[in-house]
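Working notes for the structure below.
Keep in mind it's a predicted model, so treat the numbers as computed, not measured.
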Amino acid sequence: MKRLTEFFRGVAREMRKVSWPKRKELTKYTIVVLVTVIIMSLFFTVVDLGISELIRLVVE
């Protein structure tokens with residue numbers, strides 16, 4: 001039990017050393033991630049539709 005307590009105390013000490021992003025930075029990072037996810041989703045959707053059409057052309 002003592003080792004577990006020491007572990008969590010160490011975690012708490014390390015968490016105080018973390019440089020947390022400011023609200024403005026966090027908003028900026030969130031927007032970048034969302035835009036990236038949307039772009040990648042659109043890209044893979046187009047690729048999937050293209051491959052599906054190619055398979056339909058080959059099969060028919």
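The line from CG of Leu4 to CZ of Arg9 is 11.0 Å long, rounded to the nearest 0.5 Å. Summarising the geometry, atom NZ belonging to Lys22 is positioned 15.0 Å from atom NZ belonging to Lys28; distances are rounded to the nearest 0.5 Å. To the nearest 0.5 angstrom, Thr5 atom OG1 is 11.5 Å from Arg3 atom CZ. Residue Thr45 holds its OG1 atom at 10.5 Å from CZ of Phe43, rounded to the nearest 0.5 Å.
Lys17 places a side-chain heavy atom less than 4.5 Å from the side chain of Glu14. Counting heavy atoms from C-beta on, the side chains of Trp20 and Glu25 never come closer than 4.5 Å.
By the criterion of side-chain heavy atoms lying less than 4.5 angstrom apart, applied directly or through intervening Ile, Leu, Val, Met, Phe, Trp or Tyr residues, Ile51 is grouped together with Met40 in one hydrophobic cluster. Val37 and Leu26 fall into different hydrophobic clusters, defined by Ile, Leu, Val, Met, Phe, Trp and Tyr side-chain heavy atoms under 4.5 Å apart, directly or through other members. If you chain together hydrophobic residues whose side chains sit under 4.5 Å apart, Val18 and Val11 fall into the same group.
For the side-chain contact (heavy atoms from CB on, under 4.5 Å) criterion with Val35, the lone passing option out of Ile38, Val32, Ile39 is Ile39.
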